[in-house]
There are 2 protein chains.
Amino acid sequence: MMTQYMRNPLVNLELTSHNGSMPKADRRISRTRRLLTDALIQLTLERGFENISLRDLTERADIGYATFFRHYPDKESLLNAILEESIATLIGIATPLVTQPKQMIAAMFTALLEHPERYQMLLKTRHINQLLSRAMLFGSSLFIAQNAAQIPSNIPAELAARHVIGATINLIEWWLEQTPRASPEQMGEIINSLIMQPLHQSAANASGV
Amino acid sequence: MMTQYMRNPLVNLELTSHNGSMPKADRRISRTRRLLTDALIQLTLERGFENISLRDLTERADIGYATFFRHYPDKESLLNAILEESIATLIGIATPLVTQPKQMIAAMFTALLEHPERYQMLLKTRHINQLLSRAMLFGSSLFIAQNAAQIPSNIPAELAARHVIGATINLIEWWLEQTPRASPEQMGEIINSLIMQPLHQSAANASGV
DNA sequence: ACTTTATGATACACATTGTATCATTTCAAG
DNA sequence: CTTGAAATGATACAATGTGTATCATAAAGT
């Protein structure tokens with residue numbers, strides 16, 4: 001007799017599940033994944049991602065050890081799933097606002113504010129930064145494309161993009177650690193004066209796009 | 001019959017060994033550590049720090065497995081030793097030049113250029129960034145102290161310091177990946193226009209300290 | 001040459017990962 | 001509310017990696 005599933009059938013469920021069926025998502029599945037996500041966030045902020053064993057994790061989540069593997073093949077996959085979901089959320093928020101940079105930034109920071117620990121956890125696991133960069137790249141590549149002519153000639157465009165991404169993430173990381181935190185609008189101003197304006201040194205167009 | 005050493009006697013050798021004795025450093029010791037360092041750099045750049053087992057490492061270094069533990073208690077300690085040595089080197093270079101920022105930056109980049117793989121490796125292992133920050137903090141805290149009055153009032157000084165550190169490290173990381181690489185002088189100009197100048201928006205004093 | 005000490009090789013206890021299996025509980029659909 | 005399907009808990013297991021211990025050998029320094 002074969003095992004019902006193991007490492008294949010169930011694992012891919014719920015990922016981009018908009019194929020018309022939408023199988024109704026068993027409560028037990030979402031419950032288990034929620035518990036695992038919460039436990040990972042807690043433990044990562046407490047001792048760091050690398051210092052968590054799967055037995056620690058399943059114990060904290062209060063689920064059986066083997067149950068973990070019915071949802072994710074390993075620890076990194078769980079982290080990645082959380083990351084992907086978070087990125088999708090952020091992109092969904094930013095997309096309608098690409099033409100209004102200031103409001104987009106404010107909306108992003110407001111969104112971060114709804115799950116601070118989650119994003120702190122994602123930023124703490126640094127090897128994920130490259131993936132997180134995708135979300136920022138989404139905005140900054142647009143920025144670069146629109147403002148390429150204004151970037152100082154001695155600075156390569158790729159470097160400018162990377163700088164915008166990295167510096168913004170760095171600011172977010174700092175911001176999430178603060179208590180109390182500056183408002184999204186204040187952060188928008190800081191990002192503008194510290195990161196964006198230096199790329200506009202030649203053109204002095206005021207406050208528009 | 002006791003074991004000669006194990007995890008205690010030898011491990012601390014050569015760390016800050018300026019206590020008057022300077023026990024002459026057996027060739028075999030420095031050879032082993034050099035082989036381990038080179039192997040770690042290679043393997044980390046190839047597959048990432050987390051994906052290296054100590055058996056991989058000792059095999060690549062061509063030394064016995066148990067020999068590793070006679071020098072470092074674990075993988076992280078080897079990485080840390082390399083990091084500490086590198087930081088000490090950089091601080092030694094920067095210290096005499098604190099009053100000449102432009103020359104200091106150029107000297108730092110020139111130093112990085114002598115062991116690019118080593119610094120790439122250190123920057124690739126992101127959880128070490130906090131420690132690396134110490135080296136940059138050394139310079140930027142000075143910068144902040146000297147220029148505190150010129151930092152825009154809406155930007156906290158700690159955030160300014162963190163931004164300078166993070167953005168500079170990010171630029172270095174980008175620079176080390178390039179081929180060919182811009183000159184240290186060019187990087188100095190980029191750092192100035194992209195990172196430093198925005199902190200001087202109010203005061204327009206020209207090129208001096 | 002001679003003493004000291006680092007090394008190589010190997011065996012071992014221990015922890016962690018991922019797989020396999022089965023009885024039990026929970027779900028959702030009729 | 002029943003009933004079949006599916007997820008869970010518990011447990012055992014092989015495989016791998018870590019760090020310790022030990023001894024014979026090789027290489028260093030004096």
Side-chain angles (χ1 to χ4, degrees), chain A residues 1-14 17 21-37 39-40 43 47-80, chain B residues 1-15 17 21-37 39-40 43-44 47-80:
Chain A
M1 190 199 287
M2 266 272 294
T3 322
Q4 0 183 7
Y5 38 48
M6 198 40 94
R7 193 161 204 108
N8 268 336
L10 193 145
V11 164
N12 287 337
L13 202 61
E14 187 191 23
S17 63
S21 60
M22 200 58 177
K24 277 225 157 147
D26 195 316
R27 285 181 221 160
R28 292 169 291 183
I29 295 180
S30 48
R31 174 176 179 275
T32 296
R33 295 185 182 180
R34 176 173 42 78
L35 291 174
L36 281 172
T37 297
L40 184 69
L43 290 175
R47 358 175 174 153
F49 182 77
E50 314 296 341
N51 303 320
I52 305 170
S53 76
L54 288 179
R55 292 213 141 82
D56 293 337
L57 184 70
T58 53
E59 189 182 0
R60 176 69 68 102
D62 197 29
I63 67 167
Y65 173 72
T67 301
F68 175 87
F69 299 97
R70 296 179 173 124
H71 295 269
Y72 309 97
D74 50 36
K75 214 173 36 161
E76 278 73 20
S77 297
L78 168 57
L79 180 60
N80 246 307
Chain B
M1 191 199 290
M2 267 275 292
T3 322
Q4 0 184 6
Y5 38 47
M6 198 41 93
R7 193 161 204 107
N8 269 335
L10 193 146
V11 165
N12 287 338
L13 204 62
E14 186 190 23
L15 305 180
S17 63
S21 61
M22 198 56 176
K24 278 226 156 142
D26 194 315
R27 284 182 222 159
R28 292 169 291 183
I29 295 181
S30 48
R31 175 177 179 274
T32 296
R33 295 185 182 179
R34 176 172 43 78
L35 290 174
L36 281 172
T37 297
L40 184 70
L43 290 174
T44 298
R47 356 174 175 155
F49 182 77
E50 314 295 340
N51 303 319
I52 304 170
S53 75
L54 288 180
R55 292 213 142 81
D56 293 336
L57 185 69
T58 52
E59 187 182 359
R60 176 69 69 101
D62 197 30
I63 66 167
Y65 174 71
T67 301
F68 175 87
F69 299 98
R70 296 177 173 126
H71 294 270
Y72 309 97
D74 50 36
K75 213 173 35 160
E76 278 72 21
S77 296
L78 168 57
L79 180 61
N80 247 307

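Below, chain A is the first sequence line, B the second, and so on; all start at residue 1.
- For T67(A) and dG9(D), the shortest distance from a side-chain N or O to OP1 or OP2 is below 4.0 Å.
- In this entry the distance linking OH of Y72(A) with P of dA7(D) reads 14 Å, nearest Å.
- One atom, CG of L36(A), and another, P of dA7(D), lie 15 Å apart when rounded to the nearest Å.
- Atom-to-atom, CZ of R55(B) to P of dT10(C) comes out at 11 Å; the value is rounded to the nearest Å.
- No hydrogens or angles considered: a donor-acceptor pair under 3.5 Å links the side chains of D74(A) and S77(A).
- A 6.0 Å sphere centred on CZ of R47(B) holds more than 12 heavy atoms belonging to other residues, nucleotides or ligands.
- Ranking dA10(D), dT18(D), dT17(C) by closeness to the L54(A) side chain, first place goes to dT17(C).
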Every protein N/O within reach of nucleotides 25-29 of chain D N/O, cut-off under 3.5 Å:
| from | atom 1 | to | atom 2 | distance (Å) |
| --- | --- | --- | --- | --- |
| dA27(D) | N3 | R28(B) | NH1 | 3.1 |
| dG29(D) | OP2 | R27(B) | NE | 3.2 |
| dG29(D) | OP2 | R27(B) | NH2 | 3.0 |

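- Rounded to an integer number of Å, the gap from I63(B) CD1 to dA6(C) C1' is 11 Å.
- At dT8(D), one or more side-chain N or O atoms of H71(A) fall inside 4.0 Å of OP1 or OP2 (strictly under the cut-off).
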>> Working note: I52(B) + L40(B), criterion side chain to side chain contact (heavy atoms under 4.5 Å, CB included); need CA distance, chi angles, decisive distance, verdict.
In response: CA-CA 8 Å; I52(B) 304 170; L40(B) 184 70; 4.2 Å; yes

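- Judged by closest nucleotide on DNA chain D, D62(A) is the one of D62(A) and K75(B) placed further toward the 5' end.
- Of the two residues near DNA chain C, I52(A) and A66(A), the one whose nearest nucleotide lies more 5' is I52(A).
- Counting distance only, with no hydrogens placed and no angle test, the side-chain atoms of Y65(A) and the base atoms of dG18(C) include a donor-acceptor pair under 3.5 Å.
- Checking dT20(D), dT17(C), dT8(D) against every side-chain atom of T32(A), the shortest atom distance belongs to dT8(D).
- Taking each heavy atom of H71(B) and T67(B) in turn, the nearest pair found is CD2-O, 3.3 Å.
- Here dT26(C) presents its C1' atom at 15 Å from CG of L35(A), a figure rounded to the nearest Å.
- Between E76(B) atom CD and dT18(D) atom C1' there is a gap of 12 Å when expressed in whole angstrom units.
- Residues passing the side chain to side chain contact (heavy atoms under 4.5 Å, CB included) test with R27(B): none are found, sequence neighbours excluded.
- Between L57(A) atom CG and dG18(C) atom C1' the separation is 15 Å, expressed in whole Å.
- Minimum atom distance to the side chain of R70(A) is reached by dG9(D), of the listed dA6(C), dG8(C), dG9(D).
- Among the nucleotides dT17(C), dA10(D), dT8(D), the one closest to the side chain of S53(A) is dT17(C).
- The CD-P distance, from E59(A) to dT17(C), rounds to 13 Å in whole Å.
- Not counting sequence neighbours, the partners of L36(A) by the side chain to side chain contact (heavy atoms under 4.5 Å, CB included) test are T32(A), L57(A), A61(A), I63(A), F68(A), Y72(A), L78(A).
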> Can you check side chain to side chain contact (heavy atoms under 4.5 Å, CB included) on R31(B) and R34(B), steps first, answer last?
Replying inline: CA-CA 5 Å; R31(B) 175 177 179 274; R34(B) 176 172 43 78; 3.7 Å; yes

